[in-house]
Amino acid sequence: MAQTSDPRIAVDRLHAFVAATFEAAGCAADEAEAVATFLVDANLAGHDSHGVGRVPRYLDWIAEGGVKPGQHVTVVTDSGSMSVLDGHFGFGATIGREAVMHGIEKAKAGGVAIVALRSSGHLGRIGQWAELALKHGIVSLHIVNAGRSSIVAPFGGVDKRLSTAPIAFGFPVPNEPPVVLDFATSAVAEGKVMVASNGGKPLPAGALIDADGKLSTDPAVLYGPLEPGGVRDHSHGTGAIRAMGEHKGSGLALMCELLGGALTGSGCAGPATDRPFANGMVSIYFSPEAFGSADALAKETRDYIDYFRSSRPAVPGKPVLVPGEPERIASADRTANGVPLTRETWLGMIAAAERFGLAKDDPRMLPQPPAA
Ligand code: NAD
């Protein structure tokens, strides 16, 4: 996450720049808009690791054919409450939305739906898909892996064998925003290592493990020697990110690989070989109405969330938060005051936009960042 002291840029300005950049790179206007909304949304939520700092990497993926503009999901199988969808390596911004809308419609019609999505481009901040379902009154759970992206060492191991395999849930709460729990099963998401490698927030102790099994916070363990503004490629490093929560987190990540990668047909984490990066996602959608009385559910949820929050703060003045609150706090600040960007991220985006054809004098081009 960028620091609050980093220079900020207004949300509209940032959005227009990202959309213009993807249009210059060959995306249709509506797809470029969707990608811009998707990336800026992650910054608004405070997850800079999944925000506009990924513009250079996404552009490289288009150039290499790893993500294909202009794709739509197709139905591989549809057996009533269960579907398998193929994302054809299209942008996660559009493929994710189509797949989630498919699940929402099914859950509205039949009470419950299970949707397996294979071969999607990067699905970004997975919590946004739980939020989309909640906007339609649907509770959801999303289990995700990243095929080909072997970057996390399992508990007890040194070598990379797992992806950062995120998981997200969304649940409505009466008279306040919903609970949205959304995290990588690695000690930190890879994007956080990328942010740290670009001068952003340092990594927490023990986030990484080097090739000799020593714990580390140095992003060079993952990426190899760090050139300022250079490409961050985890195949260049000799170490790994650690799984979160010791054996329990490692086990959860393994289940994400099996469900998100094997069951969907998207493919599990593994060495970079013939297949491009792809997110696989199994999602379960529930219509709460199908489970019984809406009034009883609302009362139990309301009472329980109040009880949960009433736990005495361990640090005085820092009350217990419900998952989803940190993202809403960040969003309120950033919508009002702009999105903070590290200087390296800002310069990297300008360089990438120029490389992919956005003219220096285009009114939507980002200005140079303020002097350090
Ligand atoms: P994180 O460690 O910041 O945890 C975020 C979750 O914890 C959120 O639900 C948040 O509301 C909750 N939370 C944070 N602080 C809290 C507090 N004080 N009290 C209560 N709840 C709190 O997240 P992460 O593991 O770094 O993941 C960041 C993002 O990366 C996620 O959006 C995830 O989906 C995404 N990701 C995506 C992929 C992919 O392949 N698409 C892979 C890995 C991660």
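Just follow the structure's listing: the first ligand is 1, and inside any ligand the first atom is 1. All values reported here derive from a predicted model rather than from experimental measurement.
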Straight-line distance of D41 CG to H47 NE2, nearest 0.5 Å: 9.5 Å
Atom OH of Y304: over 12 foreign heavy atoms under 6.0 Å: no
Heavy atom of D182, distance to ligand 1 below 4.0 Å: yes
Location of contacts on V180 toward ligand 1, heavy atoms closer than 4.0 Å: backbone
Value rounded to 0.5 Å, distance of NE2 in H15 from CG in L44: 10.0 Å
Structural part of H47 in contact with ligand 1, heavy atom criterion under 4.0 angstrom: side chain
Residue I126 vicinity, atoms of ligand 1 by number, heavy atom under 4.0 Å: 32 (O), 34 (O), 41 (N)
Selected option - heavy-atom contact closest to atom 25 (O) of ligand 1, from A184, S49, P166: A184
Residues S119, H88; criterion side-chain hydrogen bond (donor to acceptor under 3.5 Å, both in side chains); working and verdict: CA-CA 6 Å; S119 304; H88 303 286; over 6 Å; no
Pairs where residues 51-62 contributes a residue and the test salt bridge (Lys or Arg N to Asp or Glu O under 4.0 Å) is met, not counting sequence neighbours: R57-E190, D60-R355
Worked check of side-chain hydrogen bond (donor to acceptor under 3.5 Å, both in side chains) between N198 and R232: CA-CA 9 Å; N198 284 323; R232 303 293 185 239; 3.2 Å; yes
Set of salt bridge (charged side-chain N to carboxylate O under 4.0 Å, His left out) partners for E131, sequence neighbours left out: R125
K299/D303 ion pair, N-O < 4.0 Å: yes
Sub-3.5 Å N/O-N/O distance, R125 and ligand 1: no
For G324, the ligand 1 atoms whose distance to one of its heavy atoms is below 4.0 Å: 11 (O)
E327 bridged to R334 by N-O distance under 4.0 Å: no
Backbone or side-chain N or O of V322 under 3.5 Å from ligand 1 N or O: no
Structural part of M244 in contact with ligand 1, heavy atom criterion under 4.0 angstrom: neither
For atom 40 (O) of ligand 1, the protein heavy atom that lies nearest, with its residue and separation: N279 ND2, 3.1 Å
Any L117 side-chain heavy atom under 4.5 Å of H102 side chain: no
Nearest neighbour in protein (non-hydrogen) for atom 19 (N) of ligand 1: L321 CB, 3.6 Å
Protein contact of atom 21 (N) of ligand 1 - nearest heavy atom, named by residue and atom, plus distance: P323 CA, 3.7 Å
Charged N-O contact under 4.0 Å between K106 and D78: yes
Where ligand 1 meets P326 - atom numbers and elements under 4.0 angstrom, heavy-atom basis: 11 (O), 13 (N), 14 (C), 15 (N), 16 (C), 22 (C)
Nearest neighbour in protein (non-hydrogen) for atom 30 (O) of ligand 1: H50 CE1, 2.9 Å
Those atoms of ligand 1 less than 4.0 Å from some heavy atom in L181: 9 (O)
Contact atoms of ligand 1, heavy-atom distance to H122 under 4.0 Å: 39 (C), 40 (O), 41 (N)
Of the listed options K192, R328, E327, closest to atom 3 (O) of ligand 1 (non-hydrogen atoms): K192
Distance filter under 4.0 Å to T164 heavy atoms, resulting ligand 1 atoms: 42 (C), 43 (C)
